[in-house]
Amino acid sequence: MNFRNIIFNLALVVLIGFYGKTQAQSKPELKWTKDGNAYYQMIDAELVSISLPQNERKTIVSRDLLYSSGTNPGVIKDFSLSEDGTKVLIYSNSKKVWRYETRGDYFVADLKANTLTQVGKDRPASSLMFAKFSPDGNKVAYVSQHNLYVDDLQTKTTKALTTDGTARMINGTFDWVYEEEFDCRDGFRWSPDGQSIAYWQIDATKIRNFLMINNTDSIYAFTVPVEYPKVGQDPSSCKVGIVNIASAQTKWLNVLGDKVQNYIPRMDWIPNTNEVILQQLNRAQNVSKLFVANASTGAVGNIYTETDKAWIDAAKDWQWVNEGKEFIWMSEKDGWRHAYLISKDGKKQTLITKGDFDVIENSLVDEKNNLLYYMASPLNATQKYLFKTKLNGGGKPEMVTPSILPGTHTYEISPNGVFARHTYTSASVPPLTEWMKLTTLNPFTMAGSVTNQLGQIKAQKNKVEFFKIKTEDGIELDGWMKKPDNFDRTKKYPVVFYVYGEPASQTVTDTYGAGRNWLYAGDMPKDGYVYISIENRGAPAPKGREWRKSIYKNIGTLNIRDQAMAAKKILEWPFIDKDRVAVWGWSGGGSSTLNLMFQYPEIYKTGIAIAAVGNQLTYDNIYQERYMGSPLVTKEAYIKGSPITYAKNLKGNLLYIHGTGDDNVHYQNAEMLINELIKNRKMFQMMSYPNRTHSINEGEGTSAHLALTYTKFLQQYCPPGGK
């Protein structure tokens, strides 16, 4: 096996999802200038603006200002500009908080005074989080050690806005589970007038610690506590306060409903008002309420309520139009994910995107031209294209992306709707990027166009094939397949299925990397494997509400049957060897792998499960209760969907892999599963990685070792090559 190949493959490990999310690494989001005619970028340790379409560079913050002023910010991670563009907030020396590097140091570059000043310099190093300018640019607010602070840049003073923050009383940011499952991190917002700040307070004092064991970093083992609300345990108490900058006094919003049995995943100010809007989800996450609150009085009114038989997702954000009198809201209430225009009082609701299709995401609200740009793919759920329609709901969907480029497209559109950075990819085309004028769809230069770049790509001999397969249950599923090099239809080949299977991520997308096993330390097509992935019901594909939510209370059963019944059909193909059938997955895919091995042992002969949830009752409450209902009512669905329930049925070859320092899917899942396998005298192989997290990539040699372990087992028990 080529070691370079191992490292190259493992460089793609970041693409694997944590349980409940896929953390794909991509190019940084564009930071546009206010007028939308240029964007900002760090180049050679300087902040520059690049005008469009001329691509003329202008230095905004020079290298000399950053590194010759006596205040060295170190490696710059991010930046933001004040509203008037005269100051730049520099983020550096970042450190990880669970998943992302969200704490570090901040510096203000004053472009008029030509000075660089550290923010919160009296706070511990690399402890500041989510620093942001006040609307007038004269103050910077930030979180440090779970308290809110504000620095006055004119008087050079610091004021604590909260003082009750502790390890478990969390102001301005969130606890583990809010971050992991609601994507909540930045927990405060400046008011439009800059006189106050709205912020979340999470009271996690009653959340029990889950204790991980560290056996290797000391002669005596020690515990590593993580505040972690398991299924059936109460969540943290959550409330929203408005703190006055001058007095540092907080007024709490009187949001209806119990503070423990309801979540508040989204909150923001309504533009140009003294009002806050927030989304509240009940504990079951099947009732979503929007509240508007008066920041001065704390009075709160419910303007919009939506219910679902399954679950309702936390919103992305609010997009305001008509001078803050209306906002755009995504809903699946008619069976499809559509954009609606809703008045601030909730009394008027207008459907914007009409038709039997899903809006994947909104791209731009172009109010001046009465247009909404959005991503969708009505005819192929593996792909993604840009569409537009009338913002007032009076038009029909119009496809913007040229139909001659089938695959997956992304557009980063300027605020004025004139320019865009367009990226195109497919299973056979690596990501290609062009700058274009959106109004005409013309690239700035033909030399840099996607069309020109496509002409320089060598055609692949062995392309990924997309297919549809109908199971005996009458369910049609999407899939991709990568055949062996020098494929011979008269021979029989081993098949390896890659599975995720849960509501958090798709595997069958027409994107570069489809058909590639990044954990295999070698060349799968060259070695002679057929590699396949199937998209079961419940995956977040743009196929309508019923497709996605049919998995409600059915994780571990419906998705598993879809996968198995598709595999059953595939085994009828003449070039597939029924005796060499393997399946593998990570996290939720590890759980699916176990269930497939245990529930359908007649189909799957070999399995590799990584960081799997063996017992659904051990996972966190927000994720598992959202998709499986409350275990306080009944645990039947949890038991029925958990791999440990079926461990006694194992017949094939199983390799189980887990990191003992996994704060997400706890190592106890491995031990519970092992106990069941031992009790039933089932032989298997096991690889534990000491103190490694859910990504199993920490420590020297870990990634390469994982790939070698995976590959050796697969080749031993599911031998490659055609016969």
Side-chain angles (χ1 to χ4, degrees), residues 16-17 19 469 471 477-482 493-502 505-508 514-520 524 527-539 555-573 576-614 641-643 646-647 649-658 673 677 682 684-687 706-707 709-720:
I16 192 64
Y19 193 69
I469 194 159
T471 71
L477 306 172
D478 288 314
W480 53 245
M481 171 172 54
K482 181 77 167 179
Y493 295 91
V495 60
V496 178
F497 290 97
Y498 170 59
V499 62
Y500 181 72
E502 300 212 4
S505 184
Q506 288 179 256
T507 62
V508 182
R516 180 173 187 175
N517 187 338
W518 42 265
L519 198 55
Y520 186 82
M524 279 192 82
D527 287 348
Y529 285 103
V530 175
Y531 194 38
I532 291 178
S533 191
I534 304 292
E535 200 84 275
N536 54 256
R537 284 174 293 171
I555 292 178
T557 51
L558 177 140
N559 55 328
I560 301 307
R561 180 167 177 83
D562 276 359
Q563 289 284 337
M565 293 304 98
K568 187 177 178 182
K569 290 289 185 181
I570 288 169
L571 296 192
E572 295 175 1
W573 296 351
I576 297 295
D577 188 339
K578 296 180 180 179
D579 296 323
R580 290 184 290 167
V581 180
V583 60
W584 84 279
W586 196 311
S587 196
S591 308
S592 295
T593 296
L594 293 174
N595 268 320
L596 290 168
M597 289 289 292
F598 300 160
Q599 293 184 38
Y600 296 92
E602 72 281 7
I603 296 177
Y604 302 94
K605 313 301 184 185
T606 299
I608 303 173
I610 305 175
V613 172
S642 291
Y646 309 97
N649 299 329
L650 176 64
K651 292 181 181 178
N653 311 295
L654 174 65
L655 170 61
Y656 187 82
I657 300 171
H658 212 125
L673 180 70
L677 292 168
K682 297 297 179 179
F684 65 100
Q685 292 190 31
M686 170 77 189
M687 182 64 215
L706 175 61
T709 301
Y710 172 98
T711 306
K712 182 178 180 180
F713 184 86
L714 182 64
Q715 291 180 346
Q716 180 177 353
Y717 292 102
C718 186

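Scope of the values below: all heavy atoms of this structure, side chains included, with no hydrogens, waters or symmetry mates. In this text, all values refer to a predicted model and were calculated from it rather than measured experimentally.
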If you look at every heavy atom in [X] and [Y], which pair is closest and at what distance?
{"X": "Gly590", "Y": "Ala612", "value": "C-CB, 3.3 Å"}
{"X": "Lys605", "Y": "Asp579", "value": "CG-O, 3.8 Å"}
{"X": "Cys718", "Y": "Val495", "value": "SG-O, 4.4 Å"}
{"X": "Thr471", "Y": "Lys569", "value": "C-CE, 4.3 Å"}
{"X": "Pro494", "Y": "Pro720", "value": "CG-CA, 3.9 Å"}
{"X": "Tyr500", "Y": "Ser592", "value": "O-OG, 2.8 Å"}

Quick one: are [X] and [Y] in side-chain contact, heavy atoms under 4.5 Å?
{"X": "Val496", "Y": "Tyr520", "result": "no"}
{"X": "Asn649", "Y": "Gln599", "result": "no"}
{"X": "Ile576", "Y": "Val530", "result": "yes"}
{"X": "Trp573", "Y": "Ile469", "result": "yes"}
{"X": "Ile534", "Y": "Asp562", "result": "no"}
{"X": "Arg561", "Y": "Tyr600", "result": "yes"}
{"X": "Ile608", "Y": "Leu519", "result": "no"}
{"X": "Glu535", "Y": "Trp480", "result": "no"}

Report the C-alpha distance between Gln563 and Asn595 in whole Å, list the side-chain angles of each, state the deciding distance to 0.1 Å, and finish with yes or no for side chain to side chain contact (heavy atoms under 4.5 Å, CB included).
-> CA-CA 10 Å; Gln563 289 284 337; Asn595 268 320; over 6 Å; no
Measuring from atom [atom1] of [X] to atom [atom2] of [Y], what distance do you get when rounded to the nearest 0.5 angstrom?
{"X": "Asn517", "Y": "Leu714", "atom1": "CG", "atom2": "CG", "value": "8.0 Å"}
{"X": "Ile532", "Y": "Ile570", "atom1": "CD1", "atom2": "CD1", "value": "4.0 Å"}
{"X": "Ser533", "Y": "Lys482", "atom1": "OG", "atom2": "NZ", "value": "14.5 Å"}

In this structure, which one of Phe713, Tyr656, Tyr710 forms a ring-ring contact (aromatic ring centres under 6.0 Å, His included) with Trp584?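 Running ring-ring contact (aromatic ring centres under 6.0 Å, His included) over Phe713, Tyr656, Tyr710 with Trp584 returns exactly one hit, Tyr710.
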Main chain of [Y], side chain of [X]: is a donor-acceptor contact present, judged purely on distance under 3.5 Å?
{"X": "Glu502", "Y": "Ser587", "value": "no"}
{"X": "Thr593", "Y": "Gly607", "value": "no"}
{"X": "Thr557", "Y": "Gly641", "value": "no"}
{"X": "Lys682", "Y": "Leu650", "value": "yes"}

The single option from Thr507, Ile560, Asn559 passing side chain to side chain contact (heavy atoms under 4.5 Å, CB included) against Asn536:
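When Thr507, Ile560, Asn559 are each tested with Asn536, the side chain to side chain contact (heavy atoms under 4.5 Å, CB included) holds only for Asn559.
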What I want to check is whether the side chains of Tyr717 and Gln685 have a donor and an acceptor closer together than 3.5 Å.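 Yes, because at least one side-chain N or O of Tyr717 sits under 3.5 Å from a partner of the opposite role on Gln685.
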